[in-house]
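All ligand and atom numbering here is 1-based and tracks the order in the structure. What's counted below: heavy atoms across the whole structure, side chains too, no hydrogens, waters or symmetry copies.
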Amino acid sequence: MSKHIAFIGVGNMGNPMAQQLVNAGKQVKVFDVSEQAVKIAKETGLNVVNSLDELLPNSSTIISMLPEGKHVQELYLGENGILKKISQDSLIIECSTIDIETSLKIGDHAKSLGVKMIDAPVTGGVMGARVGKLNFLVGGSQEAVKLATPILKIMGQKILHAGEQGSGVGVKICNNMSLGISMIAASETLMLAKRLKMDLKKVHQIVKEASGNNWALTNYTPIPDLTDGVPSNNKYRPGFTAAMMKKDLKLANDAANAVNANTPLGKAALKIFTDFCEEGDADTDYSGISKKIGGDTWNYPFDPKGKD
Ligand code: NAD
């Protein structure tokens with residue numbers, strides 16, 4: 001019997017990632033604790049099993065895509081942790097965005113059991129996952145990364161090896177702190193111009209060509225009708241939610257505190273996104289932060305939970 005890929009956590013990201021593997025002809029079995037995720041997985045043709053005991057035997061690779069560090073810790077090292085159940089020749093690809101400490105703890109444990117593991121969080125979001133164009137930010141030994149690469153290439157376009165285990169989540173956390181800050185900067189720039197009653201199309205075009213440009217301003221513009229295909233054109237439906245940006249900024253803040261790094265803008269961004277979430281906008285795309293920044297001058301179509 002040929003070995004299969006065991007995919008754990010088929011939510012917004014995991015489901016389309018698992019589908020890419022199936023479409024590429026891989027044998028894939030999936031498991032999730034959520035009834036809703038299981039229902040969608042079955043509807044989308046994935047081979048769902050009912051328990052980890054059913055999932056793990058005869059698997060060559062284990063991929064996990066879970067919400068937070070506590071879920072990942074429980075899965076691998078908890079009371080029924082799977083690390084002690086999987087065979088030594090398995091490869092673990094842990095794709096969740098989690099804290100460095102948890103990633104290192106699981107990586108060390110895996111190493112002590114002779115199991116190869118990489119951390120491989122992603123950028124590119126649900127859209128990237130659906131078309132197999134994620135970017136994987138990878139941490140782990142050369143050997144483990146080489147083994148994982150053919151599988152990652154099915155789900156992604158770039159495989160960016162940052163260093164040893166924990167480096168993938170490390171670079172992801174640093175990147176998303178920069179992204180959160182940049183999204184606020186792009187929002188402030190455009191909302192200041194709006195208050196100054198300037199032509200926003202011209203301001204956007206000029207700043208994109210000038211030294212104030214950043215990725216959020218160009219590629220994920222936080223107000224509508226300036227860039228094609230972004231959530232601000234679609235009533236701020238996610239995309240990548242404000243709650244997720246808050247989570248990543250919190251990870252960055254915790255990481256900074258742990259090593260005494262000075263990140264005043266990271267801290268300010270965390271506070272701004274936390275307030276935004278607490279004001280009822282957690283499910284809005286994170287570019288919706290322009291609403292909070294713009295205040296009473298912000299007047300764009302807004303229906304982040306709608307489906308029309
Ligand atoms: P999600 O909540 O939609 O999916 C996570 C799934 O994991 C859920 O279906 C949940 O039931 C399942 N799960 C939790 N604990 C489990 C367990 N012990 N066993 C099996 N299944 C379990 O989240 P998502 O949007 O798919 O994000 C997953 C990860 O990817 C997060 O760490 C997130 O930060 C990161 N990420 C998300 C995006 C995005 O745009 N959604 C982009 C980049 C990175």
Side-chain angles (χ1 to χ4, degrees), residues 6-20 29-44 46 48-56 62-83 85 92-100 102-103 106 119-131 133-138 155-156 158 160 168-169 171-173 175-177 179-180 183 220 230-231 236-252 273 277 282-288 304:
F7 206 115
I8 305 172
V10 281
N12 292 325
M13 294 293 289
N15 182 313
M17 289 166 73
Q19 284 192 46
Q20 288 297 324
K29 291 185 183 177
V30 310
F31 172 72
D32 199 292
V33 291
S34 142
E35 273 178 30
Q36 177 67 5
V38 164
K39 184 169 169 277
I40 296 171
K42 285 182 178 165
E43 284 167 5
T44 48
L46 291 172
V48 186
V49 299
N50 295 321
S51 69
L52 289 168
D53 288 338
E54 224 180 300
L55 183 78
L56 296 175
I62 290 138
I63 304 179
S64 47
M65 191 54 162
L66 308 185
E68 294 179 34
K70 63 183 179 196
H71 306 107
V72 179
Q73 159 111 5
E74 183 62 27
L75 173 71
Y76 287 101
L77 301 177
E79 205 176 321
N80 292 312
I82 64 171
L83 259 188
K85 295 183 185 167
I92 296 172
I93 303 178
E94 211 304 287
C95 294
S96 327
T97 302
I98 62 170
D99 56 286
I100 300 166
T102 302
S103 177
I106 299 168
D119 54 314
V122 303
T123 66
V126 175
M127 289 311 297
R130 282 191 190 137
V131 294
K133 290 206 166 154
L134 293 170
N135 294 325
F136 285 93
L137 313 179
V138 178
M155 300 180 284
K158 289 189 195 157
L160 304 164
V169 287
V171 71
K172 168 79 184 174
I173 289 168
N175 180 75
N176 278 25
M177 182 180 78
L179 177 61
M183 184 53 82
Y220 211 105
V230 294
Y236 295 90
R237 292 175 191 164
F240 185 69
T241 62
M244 283 191 173
M245 178 48 81
K246 177 193 146 192
K247 176 196 133 180
D248 291 355
L249 287 166
K250 171 86 170 59
L251 287 173
F273 273 100
C277 290
D283 296 333
T284 304
D285 185 78
Y286 79 113
S287 61

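- Every atom of ligand 1 is numbered from 1 in the order shown, and the set under 4.0 Å from a heavy atom of A37 is 9 (O).
- Under the 30°/60° scheme for interplanar angles, the aromatic rings of Y220 and Y286 are found to be tilted.
- Under the ring-ring contact (aromatic ring centres under 6.0 Å, His included) criterion, F7 pairs with no residue, sequence neighbours left out.
- Taking only nitrogen or oxygen atoms, main chain and side chain alike, M13 reaches within less than 3.5 Å of ligand 1.
- Residues S287 and D285 bring a donor and an acceptor atom of their side chains to less than 3.5 Å of each other.
- In terms of protein heavy-atom proximity, atom 30 (O) of ligand 1 is closest to M65 CE, 3.1 Å.
- Put simply, the side chain of D248 never gets that close to the backbone of I173: no donor and acceptor are under 3.5 Å apart.
- Against a heavy-atom cut-off of under 4.0 Å, G9 is close to the following atoms of ligand 1: 7 (O), 21 (N).
- Of all atoms in ligand 1, listed by their number and element, those nearer than 4.0 Å to a heavy atom of T97 are 32 (O), 34 (O), 35 (C), 44 (C).
- Among L66, L251, L55, the residue whose heavy atom lies nearest to atom 28 (C) of ligand 1 is L66.
- Between the CD1 atom of I92 and the CG atom of L83 there is a distance of 5.0 Å, given to the nearest 0.5 Å.
- The N/O atoms of S96, backbone and side chain alike, include none that comes under 3.5 Å of an N/O atom in ligand 1.
- At a 4.0 Å cut-off, at least one heavy atom of M244 sits close enough to ligand 1 to count as contact.
- Numbered from 1 in the order shown, with element, the atoms of ligand 1 that lie under 4.0 Å from a heavy atom of I8 read 19 (N), 20 (C).
- For Q20 (side chain) and R130 (main-chain N/O), a donor-acceptor pair under 3.5 Å exists by modelled atom type.
- We find the CD1-CE distance between I93 and M17 to be 8.5 Å, quoted to the nearest 0.5 Å.
- Less than 4.0 angstrom separates some heavy atom of G11 from each of these atoms of ligand 1: 3 (O), 4 (O), 6 (C), 9 (O), 26 (O).
- Looking only at distances, a side-chain donor or acceptor of K247 sits under 3.5 Å from a matching main-chain atom of P67.
- Between D248 and ligand 1, no pair of N/O atoms sits closer than 3.5 Å.
- Of all protein heavy atoms, the one closest to atom 6 (C) of ligand 1 is D32 OD2, 3.6 Å.
- Nearest-residue assignment for atom 7 (O) of ligand 1 (options G69, P67, G78, P238; heavy-atom criterion): P67.
- Distance check, rounded to the nearest 0.5 Å: CG of D99 to CD of Q73 gives 8.5 Å.
- Residue G125 approaches ligand 1 through these ligand atoms, each under 4.0 Å from one of its heavy atoms: 40 (O), 42 (C).
- For ligand 1, the atoms sitting less than 4.0 Å from at least one non-hydrogen atom of S34 are 11 (O), numbered in the order shown with element in parentheses.
- Among protein heavy atoms, atom 19 (N) of ligand 1 sits closest to V33 CG1, 3.6 Å.
- Close contacts between ligand 1 and K247 involve ligand atoms 31 (C), 32 (O), 33 (C), 34 (O) [criterion: under 4.0 Å to a heavy atom].
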